Amino acid sequence: MLNGAEDEEKWLAEGIAGIQHNAFYMHRALDSSNLKEVLKYSAQMLSELRTSKLSPHKYYELYMRAFDELRKLEMFFKDESKHGVSVVDLYELVQHAGNILPRLYLLCTVGSVYIKSKEAPAKEVLKDLVEMCRGVQHPIHGLFLRSYLAQISRDKLPDIGSEYEGDADTLKDAVEFVLQNFTEMNKLWVRMQHQGPGRVREKQEKERSELRDLVGKNLHVLSQIEGVDLEIYKETVLPRVLEQIVNCKDDLAQYYLMDCIIQVFPDEYHLQTLETLLGACPQLQPTVDIKTVLSQLMDRLSNYAQSSADVLPEILQVEAFAKLSNAIGKVIEAQVDMPAVGAITLYVSLLTFTLRVHPDRLDYVDQVLGACVKKLSNIPKLEDSRAIKQVVALLSAPLEKYNDIVTALTLSNYPLVMDHLDNGTKKVMAMVIIQSIMKNNTRISTSDKVEVLFELIKGLIKDMDGADVDELDEEDFKDEQNSVAGLIHMLYNDEPEEMLKIICTVKKHTMAGGPKRLPFTVPSLVFSALRLVRQLQGQEGDIVGEEVPATPKKIYQLLTQVIEALSTVPSPELALRLYLQCAEAANDCDVEHVAYEFFTQAFVLYEEEIADSKAQVTAIHLIIGTLQRMNVFGVENRDTLTHKATGYSARLLKKADQCRAVYACSHLFWVDGQDGIKDGERVFLCLKRALRIANAAQQMANVARGSSGPVTLFVEILNKYVYFFEKGSQQVTGAAIQGLIELINTEMQSDSATPDTASDAFLASTLRYIEFQKQKGGLMGEKFESINL
Amino acid sequence: MNFLIGAFKPACNFSITFSDGKSRKQVPMKKENGQTVMVPLFQSQENIAGKISIEPLQGKKIEHNGVKVELLGQIEMYFDRGNFYDFTSLVRELDVPGDIYERKTYPFEFSTVEMPYETYNGVNVRLRYILKVTVSRNYGGSIVEYQDFVVRNYSPPPSINNSIKMEVGIEDCLHIEFEYNKSKYHLKDVIIGKIYFLLVRIKIKNMDLEIRRRESTGSGANTHVETETLAKFELMDGAPVRGESIPIRLFLSPYELTPTHRNINNKFSVKYYLNLVLVDEEDRRYFKQQEITIYRLQDS
């Protein structure tokens with residue numbers, strides 16, 4: 001047994017063979033001008049089109065074969081000298097055919113000749129043809145027959161300016177003809193799904209889609225009719241077409257045809273008939289993809305709006321936005337079963353439209369968002385991922401348009417829409433907002449806006465109720481928090497007073513973030529505050545008295561609170577760094593007691609919280625580095641602090657770490673610059689102490705492992721020697737350097753020395769430097785001359 | 001008969017000519033042997049006149065008891081063993097008894113002959129008009145010659161010609177309303193109409209309009225009815241839905257129709273019907289038959 005497809009191939013082949021066979025005899029009759037035979041064989045040939053076995057696709061193939069033959073037939077009919085029968089008689093003669101389908105194909109063919117002959121008004125002939133075609137109720141047969149009719153009549157419509165134009169009303173007849181053919185074709189097309197033997201619905205849908213252009217072509221023809229001006233379109237064409245679309249109650253047809261209307265007729269027409277067109281939308285079947293249709297329309301209109309400046313007033317005049325908005329509301333109301341995604345997509349389209357057409361009307365945008373909120377509030381929980389996506393699109397659109405979050409922040413409904421998102425999406429949206437700000441370098445400059453902004457991105461700022469912490473992806477979380485940290489820097493105002501407000505607002509929100517977020521947000525906040533401090537410092541002259549709200553003092557208090565919050569994390573290393581930053585800022589502002597206070601806090605943290613030896617090493621180096629640059633301290637305070645620092649250094653766990661920290665401490669006593677302290681004595685003490693520790697380290701290594709470590713530490717100390725020697729420290733002499741070099745050499749030559757290429761190279765280049773300085777001559781050269789290598 | 005004529009050579013040649021033979025319209029007529037010959041066409045109340053020539057064969061003479069010509073209108077029922085019923089019989093004596101030696105020509109005339117019935121050639125019955133020339137003889141039998149002619153009678157357009165409009169249906173299954181523009185059509189007429197579907201619950205495959213001829217002969221228990229379908233004209237292809245209106249336009253000229261004949265001489269009737277047939281996908285037929293009257297309209 002053959003399967004369906006093979007069967008169809010066979011039937012098609014048979015049909016084609018039938019057409020060819022009869023066409024052969026028809027050609028012979030044509031050649032001999034035997035009208036009777038011509039009619040007989042052409043009718044037989046066309047009878048092949050009576051098959052019901054073929055799918056539309058195959059039927060089309062068959063139809064095209066017949067179509068080609070009909071062209072030859074038409075040529076013959078046209079030439080009266082060949083058959084000797086007037087076209088009027090011919091028009092009757094072909095109607096003698098017993099089978100309707102061949103009869104009507106022949107009638108259309110002669111009809112075409114009849115119109116051309118102008119022996120009867122085109123409108124009469126067309127009217128007759130379109131009326132007679134009613135006899136074919138078989139959907140596929142009818143569609144192709146009427147498509148043939150449309151084809152042959154296309155250039156013969158009594159259009160304005162056409163040679164077939166008759167008296168005043170003929171244009172109406174032309175329109176009427178096409179409309180009627182369209183209506184009938186659509187009916188047939190829609191009927192396809194109810195007829196035919198129990199076929200699979202899917203297959204039917206596919207077959208129907210294959211035929212849709214036959215129906216749509218009529219609309220195209222209508223749009224091509226010269227005489228269809230706005231008035232006729234408005235009064236006749238559109239209402240009739242819409243009536244058919246609405247009444248056919250078929251989702252496939254409704255969708256396709258609505259789209260067709262939008263695509264084939266000019267935008268100007270759409271604009272002027274917006275009400276009518278939109279009025280049809282709520283009447284469509286609930287399954288029609290109305291959102292795409294409307295989106296297309298809005299797309300077209302917004303493109304049209306941008307096409308020229310003259311158009312805009314027109315759009316405003318017809319109140320396109322109000323109408324669209326109204327229509328969308330009605331569609332949503334009418335289609336109760338419309339999924340949330342559909343409704344939201346509609347709002348997205350409307351929003352896109354208004355953003356493009358009325359960029360200045362923020363109230364419109366807010367209105368759309370408001371409508372969306374209303375819709376969303378009827379939905380218990382937004383779960384459909386596509387719907388969520390659409391909401392994100394809805395919220396992103398204004399950001400993209402205005403490149404400016406500040407605009408979005410003025411939209412009262414914006415946060416309300418966001419409230420309907422789940423936590424995950426809220427975060428996504430928050431990220432979109434932040435990225436928009438970052439990308440466009442938008443500065444948020446008032447605390448009110450900051451407040452709104454933080455409300456929008458609260459998903460990132462604090463843990464949401466019901467959020468499952470375990471679900472969080474560590475990477476994502478980091479990204480998010482880094483973005484928030486970055487965002488804080490975008491919140492900025494040159495006015496210190498406002499800036500302080502902003503900082504307070506940020507503080508309020510970030511403090512609620514919990515231990516996981518603080519390490520990300522606090523530094524940004526701190527630096528933001530420090531920037532303000534420095535700015536205030538710059539304008540210090542202006543600031544007098546306590547009544548000024550933005551005083552450094554307040555900010556320092558705030559900073560302390562913020563950094564203290566880190567203790568809940570806990571993150572002592574970070575807090576320490578921040579304290580040091582604050583101290584430095586205080587130093588720059590020349591407030592000793594504050595700087596001292598910050599240092600104290602840092603030291604307290606060091607002592608109490610930082611237990612890890614590695615962390616200690618890092619911390620001590622930070623402390624030393626910061627302290628070295630401080631110039632605000634009086635002798636006493638500085639002594640206290642340096643003493644502490646040195647003390648910490650010597651108490652590090654590993655000898656090597658001790659050694660390095662101690663020689664680093666030497667810099668605390670030697671600060672470049674005019675006012676810098678230059679206490680060579682204590683520098684030398686530090687270095688010597690470092691040397692001692694290095695020795696001890698070496699010995700310990702000998703004892704523990706039987707071999708001494710590399711000489712790296714010594715070389716490092718040598719470098720310090722050379723540095724201070726160059727700087728002119730009295731205590732570090734050429735002899736001392738020479739001594740150290742000898743010591744290193746001895747160490748390296750000892751039996752227990754471990755060879756190490758890195759330290760060898762280090763030493764070599766250090767020595768080369770000394771040699772270089774010697775040869776340079778001048779003051780420095782002389783100085784180095786005292787060192788003998 | 002032919003056999004006999006062939007066997008015994010006729011004693012003479014006949015020639016029957018009509019006085020307006022050259023100008024008179026000739027129409028084809030099918031003879032018993034299947035051949036078609038052209039014969040002159042008359043209508044009722046016409047004068048039928050002409051000449052009859054009788055020419056004996058070379059060197060022979062015809063002795064006769066008189067020569068006459070008859071105009072006969074006959075109805076012949078095939079099942080009745082070829083019995084003729086003459087509904088019209090007119091005689092003209094052409095010659096008194098005597099001899100014919102050479103070609104002799106007799107003029108004849110039947111004036112304003114009443115020929116109420118049309119020539120008809122049906123399945124079971126035929127109505128014919130003939131001129132019968134008889135040369136009566138005592139021996140050797142009479143010599144007879146026939147000449148057929150056709151009679152057609154024309155009617156004026158009927159003063160009352162209502163449309164046929166009817167609603168028919170099968171309950172909860174199919175309801176249609178059909179309309180034919182007239183109830184009386186002439187032979188070259190066009191049937192215009194439409195079928196309106198009020199209810200369709202069956203899957204219709206197609207719809208045809210048939211023209212049927214019903215020829216009934218005899219009377220009482222001997223009535224023979226013969227029905228032929230002369231035209232089968234497809235009106236619709238595929239299944240309509242409720243509310244569809246299907247146009248009808250059927251040209252009658254291609255079909256071999258005759259006028260309706262009602263009770264011709266109490267012998268036969270020929271009636272025409274339009275039969276609307278709907279065929280469903282299981283090939284069941286649903287039909288409704290309506291009589292129409294066909295008449296012959298004078299060609300203008």
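Everything numeric here is computed off the predicted structure, so don't read it as measured data. Order of the sequence lines sets the chain letters (A, B, ...), proteins ahead of strands, with each chain counted from 1.
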Can you measure from CG (B:Asn206) to CZ (A:Arg50) and round to the nearest 0.5 angstrom? 7.0 Å

Is there any residue in residues 254-264 of chain B with a non-hydrogen atom under 4.5 Å from a non-hydrogen atom of chain A, and which ones are they? B:Pro254, B:Tyr255

Validation row: B:Met236, A:His138 side chains within 4.5 angstrom (heavy atoms): no

Do A:His141 and B:Asp237 have side-chain N/O donor and acceptor atoms under 3.5 Å apart? yes

Please say whether more than 12 non-hydrogen atoms of neighbouring residues, nucleotides or ligands are located less than 6.0 Å from NZ in B:Lys194. no

Looking only at heavy atoms, what is the nearest atom pair of B:Pro247 and A:Arg134, with distance? CD-CB, 3.6 Å

So that I can tick it off, tell me whether A:Glu92 and B:Arg249 are bridged by a salt bridge, with the cut-off set at under 4.0 angstrom between side-chain N and carboxylate O. no

Measuring from A:Ile100:CD1 to B:Asp208:CG, what's the distance to the nearest 0.5 Å? 9.5 Å

Checking A:Glu80 now: which residues fulfil salt bridge (charged side-chain N to carboxylate O under 4.0 Å, His left out) with it, not counting sequence neighbours? none

OH (B:Tyr120) with more than 12 external heavy atoms under 6.0 Å: yes

Say you draw a straight line from CZ of B:Phe251 to CD of A:Gln95; how long is it, rounded to the nearest 0.5 Å? 4.5 Å

A:Arg103 side chain vs B:Phe233 backbone, donor-acceptor pair below 3.5 Å: no

Report the residue from A:Asn99, A:Leu101, A:Val136 that forms a side chain to side chain contact (heavy atoms under 4.5 Å, CB included) with B:Glu234. A:Asn99

Working to the nearest 0.5 Å, report the span between CD1 of B:Ile246 and CD of A:Gln137. 4.0 Å

Return the option, out of A:Leu188, A:Leu93, A:Asp128, with the maximum number of heavy-atom pairs under 4.5 Å with chain B. A:Asp128

Under 4.5 Å from any heavy atom of chain B - which part of A:Glu131: backbone

